Amino acid sequence: MVEKSKNKFYITTPIYYVNDIPHIGHAYTTIIADAISRYKKLTGNEVFFLTGTDEHGQKIEKRAEAKGIKPIELADQVVGRFKNLWKALNISYDYFVRTTQSSHEKGVQKIFQKLKDKGDIYKGVYEGYYCVSCENFLSDDVPLEKEGNKTCPDCGKQAGKVSEECYFFKLSSYQKPLLDLYKKNPYFIRPKSRMNEIKSFVKQGLKDLSITRTTVKWGIPVPDDPDHSIYVWFDALHNYLTGIGYDWNPELYNKFWPPDIHLIGKDILRFHAVFWPAFLMAGGLTLPGTVFGHGWWLKDKTKISKSKGNALDPHVILNTFGTDPLRYFLLREIPLGLDGNFSHEGFIHRVNSDLANDLGNLVQRTLTMIHKYFSGNIIEMDEKNETDIKLKAEFVTCKDKVASFYEEFAINKALEETWVYINLVNKYLADNEPWKLAKDESKKKRLARILFQAAAAIRAIAYFIYPVMPESADKIWTLLGEDKSISDQSFAELEFEDFKPGQNIQRTEPLFPRVELKDFLKEEEKKMDYLTFDEFKKMDLRVGEIIKAEKVEGTQKLIKMEVDIGGETRQMISGIADTYEADDLVGKKPIVIVNLKPAVIHGIESQAMLLAAEMKDGSAIVPFFGDDVPTGSKVK
RNA sequence: GGCGGUGUAGCUCAGUCGGUUAGAGCAUACGGCUCAUAUCCGUAGUGUCGGGGGUUCAACUCCCUCCACCGCCA
């Protein structure tokens with residue numbers, strides 16, 4: 001095997017599923033990857049940064065059908081949205097791989113064939129519980145019911161046991177090699193806590209993996225057996241190979257393979273830390289250096305997801321603040337492995353305090369003084385005194401720390417350390433009081449020295465923040481009269497003294513404007529989807545009376561009720577058994593929405609819904625009217 | 001249930017091999033400055049270090065136990 005040449009760095013994000021629209025979670029992963037790759041370039045690496053989209057599967061097929069378009073058209077649309085977001089976020093990816101492109105499909109088929117010839121892929125029979133309505137196999141953890149059936153958790157219908165012919169990957173043979181890998185490379189899985197989880201998972205033993213489906217048409221066909229199509233993970237994971245030229249650009253492939261780091265969310269760690277290296281071992285390929293499972297951004301302490309409807313659209317923030325504050329916040333607020341809670345308060349606070357007050361204001365006050373007292377050009381100055389020398393020494397310390405933090409992907413710490421230095425420069429100005437010296441013509445050269453030192457420090461600061469805030473960093477260098485761009489400056493060779501007397505320094509508007517929370521929320525409000533009164537009127541809300549109530553067998557929360565809505569009764573299922581006993585509900589009068597589209601819940605039709613307050617722990621509290629309110633009264 | 005983790009200031013967290021008065025940032029209060037985006041600098045705090053027990057001259061740190069929360073277990 002050819003050893004990968006030094007100073008080549010290959011970094012990946014997951015490929016994002018085109019069933020989803022881009023949200024803050026996608027942005028987070030990709031921004032991390034961008035910051036790391038920019039840092040790696042500064043340290044003299046040639047970097048290849050791969051991202052892309054996962055476009056096959058039943059969900060895409062169905063969603064496209066619902067929209068009356070072809071799956072590939074749906075994919076094209078969503079790919080456009082991803083690419084636009086990456087552009088808005090200043091993401092410097094080198095290649096965007098799509099699982100529907102022929103280089104990928106051919107590559108996956110080739111690998112499939114190779115593993116089949118080798119005996120690591122074999123044809124067998126998959127047994128499982130299949131939901132006809134959802135056209136989907138249920139996951140193993142759905143409990144078995146008395147009659148030997150299972151209930152589909154998605155639609156509530158019965159799912160029967162079926163057998164399906166399919167191809168398996170011999171994952172079971174790779175238990176030992178995987179455990180050896182983890183032992184040999186303790187950094188294969190990061191953060192460390194995740195390594196333990198994966199190890200114990202693998203130690204429990206591995207079953208062979210079903211990697212094809214006959215029920216999914218929108219996928220890569222199995223070579224010589226086109227009734228079968230290759231299932232999601234075997235298809236998707238290989239993007240890391242096909243995206244770097246496997247089987248179509250040997251030069252590129254040989255230069256960069258294997259990946260130095262796969263950046264992923266913690267939810268897909270198992271696929272990347274178990275299945276993926278096993279596939280690669282089977283194919284006789286070199287393994288990646290690290291799989292890094294980062295945490296999630298939470299909203300109100302719960303995971304952001306499409307189904308919860310709490311997805312945060314990055315565009316709202318981008319429109320008000322621009323790219324860099326968002327990049328900064330996401331990378332500064334939490335260490336890579338941990339979850340973070342996203343709130344507008346937190347965001348505004350951090351950005352105002354760190355960017356507007358500390359950094360932005362430092363740049364502003366320094367450049368303003370240089371302009372005011374020297375017309376933007378410092379040429380002659382005194383020799384350095386003790387405080388000046390100290391400021392330079394602190395730069396050296398800071399540079400070392402920042403570099404080592406970036407090296408270990410502790411981006412938040414690299415930023416924190418940079419801010420220690422920013423505060424020192426602010427203090428340096430406070431201690432030396434240049435605005436007082438400016439009043440005394442004889443102290444002009446001392447004044448020049450102070451402002452020069454501050455400007456040199458700012459130049460260094462801009463360099464340190466470049467991986468995270470490239471736009472602002474470049475802007476600061478331009479303001480300081482630098483003619484080269486930051487990306488051309490090697491990290492190792494960065495010196496305090498690189499800042500030279502006579503550079504033409506420009507005036508500036510504030511780099512990061514302060515935004516007050518209430519102003520921002522006003523902006524947000526404009527984005528809200530208001531309901532018109534006519535739309536509200538469509539809702540038929542009435543005072544119902546519960547006539548019968550019983551707990552739904554085999555569920556924790558569901559209660560089945562008959563409710564009188566004024567001369568008519570409806571059947572209604574409600575998840576309130578946490579808080580209420582079925583018997584106590586009889587005779588109670590909740591608010592019921594009666595013209596909601598009926599839904600099937602746990603196999604039972606629900607023809608109405610009652611209104612309840614959702615508590616933090618997920619339980620529900622229902623408001624009831626007293627007996628003085630007639631059953632069937634309209635509520636509005 | 002099994003394995004792993006966490007619990008330290010109002011909030012978010014740091015605390016290396018046990019060793020002086022347990023730290024940082026934010027928030028709060030007061031003071032200073034006026035170059036700057038009401039910004040910047042300084043000062044001041046407050047802690048049963050989750051509870052209980054043990055080892056030790058000495059425990060946030062090691063051991064036992066209990067409690068609470070979290071993660072993983074296709």
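Just so we're clear, the structure is a prediction, and the values are computed from it rather than from any experiment. Numbered from 1 within each chain, the chains take letters A, B, ... in sequence-line order.
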Tell me whether the side-chain N/O atoms of [X] come closer than 4.0 Å to OP1 or OP2 in [N].
X: Arg514(A); N: U39(B); value: yes
X: Lys372(A); N: A36(B); value: yes
X: His349(A); N: C26(B); value: no

- Task: Measure from the side chain of Met369(A), starting at C-beta and using heavy atoms only, and say which of C35(B), C33(B), U37(B) lies closest.
- Result: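 Shortest atom-to-atom distance from the side chain points to C35(B).
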Write down the distance between [atom1] ([X]) and [atom2] ([N]), rounded to a whole number of angstrom.
X: Arg332(A); N: U12(B); atom1: CZ; atom2: P; result: 15 Å
X: Glu416(A); N: A14(B); atom1: CD; atom2: P; result: 11 Å
X: Asp354(A); N: U37(B); atom1: CG; atom2: P; result: 19 Å
X: Trp435(A); N: U39(B); atom1: CH2; atom2: C1'; result: 12 Å
X: Lys413(A); N: A14(B); atom1: NZ; atom2: C1'; result: 8 Å

More than 12 foreign heavy atoms under 6.0 Å from [atom1] of [X]: is that the case here?
X: Lys444(A); atom1: NZ; value: yes
X: Lys390(A); atom1: NZ; value: no
X: Gln506(A); atom1: CD; value: yes

Taking the [atom1] atom in each of [N] and [M], what is the distance between them to the nearest angstrom?
N: A14(B); M: U55(B); atom1: C1'; value: 27 Å
N: C13(B); M: A27(B); atom1: C1'; value: 15 Å
N: C49(B); M: C41(B); atom1: P; value: 33 Å
N: G54(B); M: G71(B); atom1: P; value: 35 Å
N: G4(B); M: U43(B); atom1: C1'; value: 45 Å

- Query: Distance only, no hydrogens: is a donor on one side chain within 3.5 Å (strictly under) of an acceptor on the other, for Asn426(A) and Arg365(A)?
  - Reply: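 Yes, because at least one side-chain N or O of Asn426(A) sits under 3.5 Å from a partner of the opposite role on Arg365(A).
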- Query: Is there a donor in the side chain of Asp440(A) and an acceptor in the side chain of Ser442(A), or the other way round, less than 3.5 Å apart?
  - Reply: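 A pair is found: one side chain offers a donor N or O, the other an acceptor, under 3.5 Å apart.
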What's touching nucleotides 40-43 of chain B from the protein side, N or O pairs under 3.5 Å?
| residue | atom | partner | partner atom | Å |
| --- | --- | --- | --- | --- |
| C40(B) | OP1 | Asp358(A) | OD1 | 2.9 |
| C40(B) | O2' | Arg365(A) | NH1 | 3.3 |

Kindly write out the residues that satisfy side-chain contact (heavy atoms from CB on, under 4.5 Å) with [X], not counting sequence neighbours, or none if the list is empty.
X: Asn357(A); answer: Arg514(A)
X: Asp474(A); answer: Tyr466(A), Ser485(A), Ile486(A)
X: Glu333(A); answer: Trp297(A), Phe329(A), Arg350(A)

- Task: Test Asp388(A) against Arg446(A) for salt bridge (Lys or Arg N to Asp or Glu O under 4.0 Å), laying out the working first.
- Result: CA-CA 11 Å; Asp388(A) 311 333; Arg446(A) 175 65 200 140; 2.8 Å; yes
So [X], base contact, sugar-phosphate only, or nothing? Heavy-atom distance under 4.0 Å.
X: Leu429(A); answer: nothing
X: Phe512(A); answer: base
X: Gly205(A); answer: base

- Query: Is the shortest distance from a Lys or Arg side-chain nitrogen in Lys266(A) or Asp339(A) to a carboxylate oxygen in the other one below 4.0 Å?
  - Reply: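 So Lys266(A) pairs with Asp339(A) through a salt bridge.
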- Query: Looking at Tyr174(A), Tyr122(A), Trp233(A), Phe275(A), which one forms a ring pair (Phe, Tyr, Trp, His ring centres under 6.0 Å) with Phe169(A)?
  - Reply: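 Going through the options one by one, the only one that passes is Tyr174(A).
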- Task: Give, for atom NZ of Lys413(A) and atom CZ of Arg332(A), the distance between the pair rounded to the nearest 0.5 Å.
- Result: 11.0 Å
- Item | Per-nucleotide protein contact string for nucleotides 2-11 of chain B, where B marks a base within reach and S marks sugar-phosphate only (heavy atoms under 4.0 Å, - for neither) | --S-------
- Message: If you assign each of Gly360(A) and Leu206(A) to its closest nucleotide in RNA chain B, which residue comes earlier from the 5' end?
- Response: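 Nearest nucleotide further toward 5': that of Gly360(A).
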- Could you check His262(A) against Phe292(A) for ring pair (Phe, Tyr, Trp, His ring centres under 6.0 Å), going step by step and ending with a plain yes or no? CA-CA 6 Å; His262(A) 288 303; Phe292(A) 203 124; over 10 Å; no
- Message: Are there runs of at least three consecutive Watson-Crick or G-U pairs touching RNA chain B, with each pair's two distances under 3.5 angstrom? Give them by first number.
- Response: B:1-7 with B:67-73, B:10-13 with B:23-26, B:28-32 with B:40-44, B:50-54 with B:62-66
